[in-house]
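In what follows, a structure is listed as structure tokens, so that the remarks can point back to it.
Every value quoted in this text rests on a predicted model; they were computed, and no experiment measured them. Proteins get letters first, then strands, A, B, ... in listed order; numbering begins at 1 in each.
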Number of protein chains: 2
Amino acid sequence: MDNQLKRGLLDVCVLAAIKNEDSYGYKIIKDVKPYVEMSESTLYTILKRLELANMLTVHTSEHGGRLRKYYHITNAGLGRLEDFREEWREVMSIWQFVTREDG
Amino acid sequence: MDNQLKRGLLDVCVLAAIKNEDSYGYKIIKDVKPYVEMSESTLYTILKRLELANMLTVHTSEHGGRLRKYYHITNAGLGRLEDFREEWREVMSIWQFVTREDG
DNA sequence: AGGGAATACTTCGTGATATGATGTATTGCG
DNA sequence: CGCAATACATCATATCACGAAGTATTCCCT
């Protein structure tokens, strides 16, 4: 799918992936894959960006003798998902303009 | 609205604006404005990109003693709009993932 | 025991892109 | 005469997705 269309969707996809329970990089990619293709470098870039924006927090935890970085959504992150629903109305209005049949 | 969400939408907005009749820069912006904000520099960047991709052709025509560049959509451009409808199914699937309530 | 696949995270460089700022020039109106 | 509107163009900048490459560990099969 068009790379540009994905922009603006990827961030909220990641937030949605950790919305209900904390998750970690590898799992996020697998959860999101059925919907959008996302490379590891892209994911970790996004995670860092979201952390800087206080949309999520990070805590390291041991699992099977190996360290994992778990990502936890913040209230700001949940708010971002709410805002996204609002923004979607505008997106749908654009969609209607693009796909309208008449002049 | 989130700038990122607009990307991928802007190109097809411009194509949609010239879909039914040839148009020119200033008019395209005015037609699109109710749906998406687009600056002039952005528009002309997009028009140039679409021309390079053979999505539209340009012809200069005089209007009121002044030259105007009219943009005409090509079959490839119309095809792009068709493809967009297909891509939209994927976008809606992503949307459902993001806004789903259950885990 | 050995080896490869899967898990897990990180950094770097690149190309694409939207946009503000800025500039140029003409028409129309008060 | 002056200003807003029309109309187009270029440049620098910041953001972003992604491939490539690297490091390390665990798990499973033979």
* Structure fact -> Contact string for nucleotides 25-30 of chain C, one letter per nucleotide 5' to 3', B = base within protein heavy-atom range under 4.0 Å, S = sugar-phosphate only, - = neither, reads -BS---
* **Protein-to-nucleotide contact annotation, 5' to 3' order, nucleotides 12-23 of chain D [B base; S sugar-phosphate only; - none; under 4.0 Å, heavy atom]** => ---BBSBBB---
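Counting all heavy atoms, side chain and backbone alike, A17(B) lies closest to I28(B) at CB-CG2, 4.0 Å. Contact detail for I73(B) and L81(B): the closest heavy-atom pair is CD1-CD1, 4.1 Å. A pairwise comparison of heavy atoms in I94(A) and C13(B) identifies CG2-SG, 3.4 Å as the closest pair.
Atom CG of L43(A) and atom P of dT7(C) are 14 Å apart (whole Å). Atom C1' of nucleotide dC9(C) and atom OH of Y70(A) are separated by 14 Å, given to the nearest angstrom. Computed from coordinates, the H59(B) NE2 to dA7(D) P distance equals 15 Å when rounded to whole Å. Atom NZ in K33(A) sits roughly 10 Å away from atom P in dT7(C) (whole-Å rounding). When the C1' atom of dA18(C) is taken as reference, atom CG of L5(B) falls 14 Å away, rounded to whole Å. The distance from atom CG of D31(B) to atom C1' of dT6(D) is 15 Å, rounded to the nearest whole Å. Between the CZ atom of R68(A) and the P atom of dT26(D) there is a distance of 12 Å, rounded to whole Å. Atom CG of D22(A) is separated from atom P of dA8(C) by 15 Å (rounded to the nearest Å).
The pair E101(A)-R85(B) meets the salt-bridge criterion, since a charged nitrogen lies less than 4.0 angstrom from a carboxylate oxygen.
Both L10(A) and W95(B) belong to a single network of hydrophobic side chains, linked directly or stepwise wherever heavy atoms of I, L, V, M, F, W or Y lie under 4.5 Å apart. I29(A) and L9(A) fall within the same hydrophobic cluster, where Ile, Leu, Val, Met, Phe, Trp and Tyr residues are linked whenever their side-chain heavy atoms come under 4.5 Å apart, directly or through other members.
In this structure, Y35(A) has no side-chain hydrogen bond (donor to acceptor under 3.5 Å, both in side chains) partners at least two apart in sequence or on a different chain. For S41(B), the side-chain hydrogen bond (donor to acceptor under 3.5 Å, both in side chains) criterion is met by S39(B), not counting sequence neighbours. For H59(B), the ring pair (Phe, Tyr, Trp, His ring centres under 6.0 Å) partners at least two apart in sequence or on another chain are Y70(B).
Residues from residues 23-30 of chain A with heavy atoms under 4.0 angstrom of DNA chain C, sorted by number: Y24(A), G25(A), Y26(A), K30(A).
With a 6.0 Å radius and a threshold of 12 heavy atoms from other residues, nucleotides or ligands, E87(B) has its CD atom above the threshold.
The side chain of Y44(A) contributes an N or O atom lying less than 4.0 Å from OP1 or OP2 of dC9(C). The phosphate of dA9(D) (OP1 or OP2) has no side-chain N or O of K48(B) nearer than 4.0 angstrom.
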